[in-house]
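Have a look at the structure below before the remarks.
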Amino acid sequence: MLRSVVDLAKLNPPQREAASHIGGPLLVLAGAGSGKTRVITYRIAHLLAGGIPPQAICAVTFTNKAAEEMRERVAHLVQNRTATRALTIGTFHALGLQILRSERKALGMPRGFAVYDQSDQMGVLREAMRSFRSMERDGERRFDVKAVLARISLAKNAFVAPDEYRPRNVADEYDAITQEVYPKYQEMLRSCAAFDFDDLIVEPVRLLARDAEVGRRWAEKFRFVMVDEFQDTNRAQLRLVEQLVANHKNLVVVGDDDQSIYSWRGADPTNILKFDTLFPGARTVKLEQNYRSTKTILSAANEVIANNTQRHGKTLWSNVGGGEAIVHAVAQTAEDEAKWIAREIDRLNKDGRAWSDIAVMYRSNIQAKVLEDELRQLGVPYVMYGGQQFFERKEVKDVIAYLRVALNPRDELALRRVINYPARGIGATTIDRIATAATARHATLWEGLRGAVSGTGTLPGMGLGSSLREEDDPNPERTVDVGDLRGAARNGILELVHVVSELGSALESGTDAVAATRTLIEDIRLYDDLRAASSSATAAQRRIDNVEGLLGSLGRFAEKQKGREALSEYLRRLSLETSSDDDKDDGKKVVLTTLHGAKGLEFPVCFMIGLEEELLPHLRTLQPQATDVNDVDHATDISEERRLCYVGITRAQKKLYLTRACTRIMRGSARPRVPSRFLLEIPDDLLEVRDLGEEARQKVPTDEVRNFFANLALDD
DNA sequence: AACTTGTCAATTTTT
DNA sequence: TTGACAAGTT
C-alpha cells in the first residue's frame, strides 16, 4: 500500500516548493550540499502519493550509483517495493539503451546487438586508422587515437553525420584525420552490429524524430520527467529530454552551473544557463542553504567561485558553526607534501577519525603515485577511485568476448579477440586472408571462418552455426572460399567455430547461461591456459577466481531474467558499468580521487593537493595542445578549472587542507612551482599557513623500527 | 608467438 | 622519468 501522504515538512521552504511542483518546466538551482537528491526523491514520493502511476515517472541521472541511491531513497520514503521497481530511474545511457532495445527492429539491428565501451571504441578506431595510415599521410606517423575519438564523439553529439564532418580549421591535422576516419569508424561499428556510447543517446533522438509513431509513443510514456546534474547535459541529451516531454513539458531539472566540469566532454552549460529560453514559462527555485560544510569552508568556496562571470549566481550559507581554519600547507617538494599528508592522516586516525572520513583529491591521476607510496609506508588503508576495474581484467574480458561472439557473430572486435585465444594455430596471415576474402564478398569475418572450413572435414555432431537465426546471420548460405588452409590453422578454425556454435545453440535452447559458459571454459581449457601463463600458482588462482567472479555476477543477473535475451542484456549493461558494483570493499579506507571523481561525494576531512599553477589550473588549460578538441577560446577558459576547485572545496564537511609544493619533479627535472591563483583568491583570514620545511623532513619511524622498540619494551 | 627496441607524449573521462 | 604502442627480432 502506498503512503497517501509524504511528509514535506521535513524540507526547507525552497526545497518544499520544488518537491511539490506539479506541472510545467522547473529549474532547481541547487548549490553544493543543498539537498538536491532530497528534492527529487521527495518529489517522486509526492507524485506517487498523489496517485501518479510509477510507470509514468522517469528520473535521469549521470551515474549508475546516483540512480541506485535515488531508487533506494524513494523506496525508503514510500515503503513500497513494487511501486519503486516500476519507476524508470537510470542513466541517460541506460534510458537510451532501453529505447534502442525496444525499437531495435525499426533500426534493423539483430537481437544480440552490442554496446561498445571506450576500450572497444578505441579498438575499432585503431583498426580504422591502421588501414588509413598505411595508405597515405606523412610516412608512418602515429596519431593519438583518443584525440580522434574525442572529435568523433563531439561530432556525433552535435548530430554531425560521418559524411558531413568538416574540419573546423585547415591547420588542425586531427580534424583532417577525423574527416577521413569517422565514416570508416561508423561503418565498422554497424557492420559489428554495435552501438557506441554516443549512439545510445543520438540514435534514439534520430529515431524519435524520424518515426512519428515511435516519437508519439515515447512522448506519451512518461508524464513526469526529472533530470539530475543538468549542468552536465550535452546537446543530444537535451534533445532526448525535449522529445520525452514534448507534449506536456512536465520537466524538473536539478543542477548547479557552478559545478559544470565536463564541458570538455561536450556538456553544454547553456542548457542550464538558458533553461527559461529553452522552456518558456519555466519557474526557477534556488537552493542556497548548505547542510554540509562549516561557514569557513563555505566562505572560501564562495570567494573562489565569485571570480567567475557567466553564472546564475548563488551564495551558499550555512547554519553549521564557523569551524576550524583551512590549513594551507606548503612543502618543499612533492615528496614532502605526500609524506606530511600521510602522517597527518595517520594522526587524525589515531585521534579517532575513521579512515573512510578522509579523502585526498587531486587534479590529475599522476599525482596519486607519490601519495600511494607514502600511505603504504605508514600502513594507511586506501582505495583509489577510477582504478582498473574488475571487468577490465584480461581473463574476464576474454570470456565476455566469447559470449559476445556467440550472441552476435557480427561482433568482429570480440571475434578477433578470441579467434586465437587460447592459442590454436590461427595466425595473423590466416586471419588476414580470410578477412580479405570475406570483405570482398561482403561477408563478415565469422561467415568467412565458417566458409573456410565448411564442406569437408566436418566433425560429427557439429552443426556449424545452426543455432543462429536468420535475423542474426543474414546470409547463411554464403560461403567464402579461401583455398586450402594449412592443417593447424584449419583445425584451429574448426575448434573455434565449434565452441562458439555450441555456446550459441546452448543459449538458444534455453540452457542456463552460467552452465553454458562453464562448458565453454572447459572446451577451451581456459584454466589450464591461465595456470600455464601465470608466473605463480597464486597468480593463476587469482585469475581463475576473477573468471569465477564473472560467473557469479552473471548467475545473479540470470536469476532475475532468464534466457538468451537476458544474457544479451547483461553484456550490454556491463558496458555501461564502470566500477563493478560487485566489489563494495570501499568501506573503512581513505579515498583517493581526482577532483572530477569527487563530484557528488562528501567527507568530514578533505585534502586538496598540488594547488599550484599548471596543475590547478592545469597546464593544458594554459597552453592548449594540438590534440585538444575544443577551440582556443574554450580550451583556455580558466573558469572550468575554477569550478573544479570549487567542487573540491565544497566536498569538505568539517576540515579542509590545501597543500602545495615549492618544487616538483616533472618529466625528469625539478621545476620551481607557483601557488595556484585560486589559492590566492581565498581570503587570508580563512587560512592557517603551515610551513612544512622542517616538519616534513622529520624522520618517520617505520613499522619495523616501531616494532623493534615495542619488543624492547616487552623484553624489559 | 614471446621478447626487445625505438619513438613519442605527458588532463580531467559520470557512460 | 615513465608508459604505451607498434614494429622489429629470435
Side-chain angles (χ1 to χ4, degrees), chain A residues 60-67 90-97 115-122 126 129-130 133-134 139-147 149-150 153 157 195-201 228-229 231-234 236-237 259-267 361-369 385-386 420-429 488 533 572-579 593-601 610 614-630 635 640-641 643-645 647-648 664-671:
Chain A
V60 191
T61 63
F62 273 85
T63 67
N64 294 304
K65 197 176 159 203
T91 63
F92 268 104
H93 294 84
L95 178 64
L97 177 60
V115 169
Y116 277 9
D117 67 15
Q118 195 192 314
S119 73
D120 297 325
Q121 293 182 57
M122 297 215 348
R126 207 170 283 135
M129 283 171 72
R130 199 193 311 280
R133 184 174 45 178
S134 55
E140 291 282 283
R141 243 196 83 190
R142 267 198 331 223
F143 295 101
D144 186 343
V145 181
K146 274 195 179 152
L149 195 59
S153 175
N157 282 299
F195 290 117
D196 68 12
F197 278 167
D198 302 312
D199 290 332
L200 295 182
I201 313 297
D228 192 17
E229 305 278 18
Q231 76 280 355
D232 290 333
T233 51
N234 63 27
Q237 289 158 339
Q259 293 187 64
S260 157
I261 54 175
Y262 282 101
S263 74
W264 53 276
R265 285 268 265 101
M361 302 177 287
Y362 34 82
R363 173 67 234 262
S364 97
N365 283 306
I366 197 160
Q367 297 173 256
K369 205 173 172 285
Y385 280 18
N420 196 36
Y421 179 82
R424 50 170 76 92
I426 310 175
T429 326
R572 289 190 285 251
R573 301 208 76 100
L574 219 51
S575 308
L576 300 187
E577 215 110 329
T578 20
S579 53
T593 173
T594 61
L595 287 164
H596 285 89
K599 201 184 72 174
L601 307 175
E614 303 190 347
L615 270 177
L616 185 69
H618 197 273
L619 179 65
R620 282 295 271 270
T621 317
L622 304 167
Q623 287 169 25
Q625 296 299 300
T627 49
D628 290 342
V629 274
N630 291 303
E640 183 146 311
E641 297 287 304
R643 288 193 290 269
L644 207 44
C645 183
V647 166
R664 194 176 285 269
I665 293 163
M666 295 179 104
R667 305 197 195 159
S669 55
R671 300 185 46 195

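None of the values given here were measured: they were computed from a predicted structure. Values below: all heavy atoms of this structure, side chains included; hydrogens, waters and symmetry mates excluded. Lettering of chains follows the sequences in order, A, B, ..., and the numbering in each one begins at 1.
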Do any N or O atoms of the protein come closer than 3.5 Å to N or O atoms of nucleotides 2-7 of chain B, and which pairs are they?
residue	atom	partner	partner atom	Å
dT7(B)	O2	R142(A)	NH2	3.2

Spacing between D232(A) atom CG and dT14(B) atom C1', to the nearest angstrom: 8 Å

Test log, rule side chain to side chain contact (heavy atoms under 4.5 Å, CB included), inputs Q259(A) and K599(A): CA-CA 8 Å; Q259(A) 293 187 64; K599(A) 201 184 72 174; 3.9 Å; yes

Integer-rounded Å distance: dA10(B) C1' and R664(A) CZ: 15 Å

Whole-Å distance separating the CD1 atom of I665(A) from the P atom of dA10(B): 21 Å

5' precedence on DNA chain B between I366(A) and L200(A) (nearest-nucleotide basis): I366(A)

Interatomic distance where CG belongs to L622(A) and P belongs to dT11(B) [whole Å]: 14 Å

Could you write out each protein N or O paired with an N or O of nucleotides 8-10 of chain C at a distance under 3.5 Å?
none

Whichever of G427(A) and E229(A) has its nearest DNA chain B nucleotide further upstream toward 5': G427(A)

Partner set under ring pair (Phe, Tyr, Trp, His ring centres under 6.0 Å) for H618(A), not counting sequence neighbours: none

Below 4.0 Å: OP1/OP2 of dT11(B) and any side-chain N or O of N365(A): no

Sugar-phosphate, base or nothing in reach of F92(A), heavy atoms under 4.0 Å: nothing

Touch class at under 4.0 angstrom, heavy-atom based, for D198(A) against every strand present: nothing

With sequence neighbours excluded, residues passing side chain to side chain donor-acceptor pair (under 3.5 Å) with Q121(A): Y185(A)

Nucleotide dT13(B), atom P - distance to CZ of R363(A) in whole Å: 8 Å

Interatomic distance where CG belongs to D144(A) and C1' belongs to dT11(B) [whole Å]: 12 Å

Value in whole Å for how far the P atom of dT2(C) lies from CE of M666(A): 15 Å

Distance in angstrom units between L619(A) CG and dA10(B) P, rounded: 10 Å

Sugar-phosphate, base or nothing in reach of N64(A), heavy atoms under 4.0 Å: sugar-phosphate

Which residues share a ring pair (Phe, Tyr, Trp, His ring centres under 6.0 Å) with F92(A), sequence neighbours left out: F62(A)

Sequence-distant partners of Y116(A), ring pair (Phe, Tyr, Trp, His ring centres under 6.0 Å), two or more places apart: none

Phosphate contact (dT13(B) OP1 or OP2) by T594(A) side-chain N/O below 4.0 Å: yes

Side chains of S153(A) and D198(A), donor plus acceptor under 3.5 Å: yes

